[in-house]
Participant: 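One structure follows; several queries about it will come next.
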2 protein chains.
Amino acid sequence: MTPQPGARQRLLDAAEELFAAGGFAGTPVDAVLSRAGVAPATLYAHFGSKTGLQAAALAARLRRWDDAWAAAVAAAPDDRARLLAVFDALAAFRTSGTPSRWCAFLDAAAGAPADDGTAATALAEDTALLRGRLRELAAPLAGDRAAELAEHLLVVVSGALAMALRTDPAAATAQGRATAAALLDGWR
Amino acid sequence: MTPQPGARQRLLDAAEELFAAGGFAGTPVDAVLSRAGVAPATLYAHFGSKTGLQAAALAARLRRWDDAWAAAVAAAPDDRARLLAVFDALAAFRTSGTPSRWCAFLDAAAGAPADDGTAATALAEDTALLRGRLRELAAPLAGDRAAELAEHLLVVVSGALAMALRTDPAAATAQGRATAAALLDGWR
DNA sequence: GTCTATACCCGGATAGAC
DNA sequence: GTCTATCCGGGTATAGAC
């Protein structure tokens with residue numbers, strides 16, 4: 001029998017899902033507590049504050065996203081598919097577990113006051129991951145203009161995420177892939 | 001001597017600026033009240049709730065954005081420039097008055113609970129405006145594929161707005177324009 | 001480490017006078 | 001219509017026992 005994970009891990013899992021699904025600001029601490037089956041004091045003993053829990057949950061989510069994306073890249077057959085794999089990974093990642101509304105990292109930054117360091121840091125790390133890997137994957141197709149192409153794709157990925165607020169999220173990622181494909185078709 | 005605008009208008013102006021700059025959720029009613037120089041009861045007499053004020057402020061903002069974009073289009077010299085004018089309008093609009101953080105309409109939808117009708121409606125109207133005019137402007141360049149091109153540009157515009165959370169907002173609009181230009185360069 | 005119970009406070013909204 | 005003063009709830013955080 002697999003032992004039940006500790007309260008800390010249950011809090012992290014609950015927070016990651018609920019914050020991604022309902023937004024950080026829109027998710028009361030009570031909701032996380034009841035899902036995790038944990039008392040308030042336990043949360044504050046481990047993470048200090050709701051924001052502290054968010055930071056830990058986002059860090060965990062970033063690792064999961066990193067892995068999911070890498071797996072999608074590994075499964076792609078050629079250079080072009082590897083570059084577009086980010087959208088497949090996005091679609092799969094978004095619906096793993098409770099479907100997320102748009103993007104937990106953008107949500108964190110959008111919801112926090114402008115001077116909040118925690119949310120800004122988490123989003124910055126997500127951005128660095130996106131930019132870095134997009135550059136690597138763009139290199140075979142764009143050569144010394146890989147950074148330029150990666151920047152275009154970063155805009156398209158961010159657009160696909162934001163489009164999830166305007167329309168059905170599944171359609172948003174599909175459209176994002178199509179837009180990126182159109183961009184690649186005309187490249188050079 | 002120009003008469004001081006009424007309390008209602010001052011509330012709308014204050015709300016539009018503060019909500020765009022600091023986000024709806026992050027802006028307390030008190031901040032709007034003190035900037036407008038108005039008492040709490042006046043706000044609730046006119047708009048019923050903070051959300052009601054938001055709806056009215058977003059409607060006003062949508063009209064202003066519509067006009068600003070139309071003006072940028074009118075000032076553009078050719079078909080291509082007219083299609084890209086949305087980014088110039090965005091840059092100018094964002095810094096008119098108190099600079100907005102990213103996008104007041106996306107912010108409203110992101111911050112509101114998923115079933116909130118008010119914010120969803122405001123964002124839907126913004127999306128309809130974007131999609132409709134982008135299609136018109138895309139027609140001279142894309143002919144019967146104008147809708148397809150417009151959808152790509154809608155993703156890029158949304159991406160430019162979201163990128164304002166990842167990086168400097170001015171750089172975000174500039175990058176968005178560059179990405180759209182790259183897309184147009186390779187079109188067909 | 002975890003629980004129960006509670007304190008505290010911020011922020012949206014209202015009462016009633018003018 | 002507008003003001004001053006106040007209420008009230010939801011939500012974060014803590015005290016103290018086990």
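Throughout, a chain's letter reflects where its sequence line sits, starting with A, and its residues are numbered from 1. For clarity, every value in this text was computed on a predicted model and none was experimentally measured.
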Participant: With side chain to side chain contact (heavy atoms under 4.5 Å, CB included) as the test, would you mind laying out the steps for A:L12 and A:F47 before giving the verdict?
Facilitator: CA-CA 10 Å; A:L12 282 173; A:F47 301 103; 3.9 Å; yes

Participant: For B:Q175 and B:T179, test the side chains for any donor-to-acceptor distance below 3.5 angstrom and give the result as yes or no.
Facilitator: yes

Participant: Expressed as a whole number of angstroms, how long is the span from A:H46:NE2 to D:dT14:P?
Facilitator: 15 Å

Participant: Measure from CG on A:L33 to C1' on C:dA5 and round the result to the nearest Å.
Facilitator: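 These atoms are roughly 14 Å apart.
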
Participant: Nearest whole angstrom, please: distance from the P of D:dG1 to the CZ of B:R10.
Facilitator: 14 Å

Participant: Is there any protein nitrogen or oxygen under 3.5 Å from a nitrogen or oxygen in nucleotides 7-13 of chain C, and what are the pairs?
Facilitator:
unit_1, atom_1, unit_2, atom_2, d
C:dG12, OP1, B:K50, NZ, 3.0
C:dG12, OP2, B:V29, N, 2.8
C:dA13, OP2, B:Y44, OH, 3.3
C:dA13, OP2, B:K50, N, 2.9

Participant: Evaluate the criterion salt bridge (Lys or Arg N to Asp or Glu O under 4.0 Å) for residue pair B:D126 and B:R61; output intermediate values, then yes/no.
Facilitator: CA-CA 10 Å; B:D126 177 60; B:R61 189 172 181 83; over 6 Å; no

Participant: Tell me: CG of A:L18 to P of D:dG11, nearest whole Å?
Facilitator: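 Taking CG of A:L18 and P of D:dG11, I get 14 Å after rounding.
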
Participant: Measure the distance from CZ on A:F47 to P on D:dT12 and round it to the nearest whole Å.
Facilitator: 15 Å

Participant: Looking at every strand, decide which applies to B:G52 at a 4.0 Å heavy-atom threshold: base, sugar-phosphate, or nothing.
Facilitator: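 Touches nothing.
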
Participant: Provide, to the nearest angstrom, the distance between the CZ atom belonging to A:R8 and the P atom belonging to C:dG1.
Facilitator: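 From A:R8 CZ to C:dG1 P: 9 Å.
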
Participant: Assign the ring pair A:W187 / A:H152 to parallel, tilted or perpendicular, where the plane angle (0 to 90°) is split at 30° and 60°.
Facilitator: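 It falls in the perpendicular class, over 60°.
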
Participant: For the side chain of B:R94 and the backbone of B:S100, is there at least one donor-acceptor N/O pair under 3.5 Å apart?
Facilitator: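 Checking the backbone N and O of B:S100 against the side chain of B:R94, a donor-acceptor pair under 3.5 Å is found.
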
Participant: Which is more 5' along DNA chain D, the nucleotide nearest A:A41 or the one nearest B:V38? Just name the residue.
Facilitator: B:V38

Participant: Checking all strands, does B:G37 fall into the base, sugar-phosphate, or nothing category for heavy-atom contacts under 4.0 angstrom?
Facilitator: sugar-phosphate

Participant: Compare every heavy atom of A:L43 with every heavy atom of A:L11, then report the nearest pair and how far apart it is.
Facilitator: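 Reported closest heavy-atom pair: CD1-CA, 3.7 Å.
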
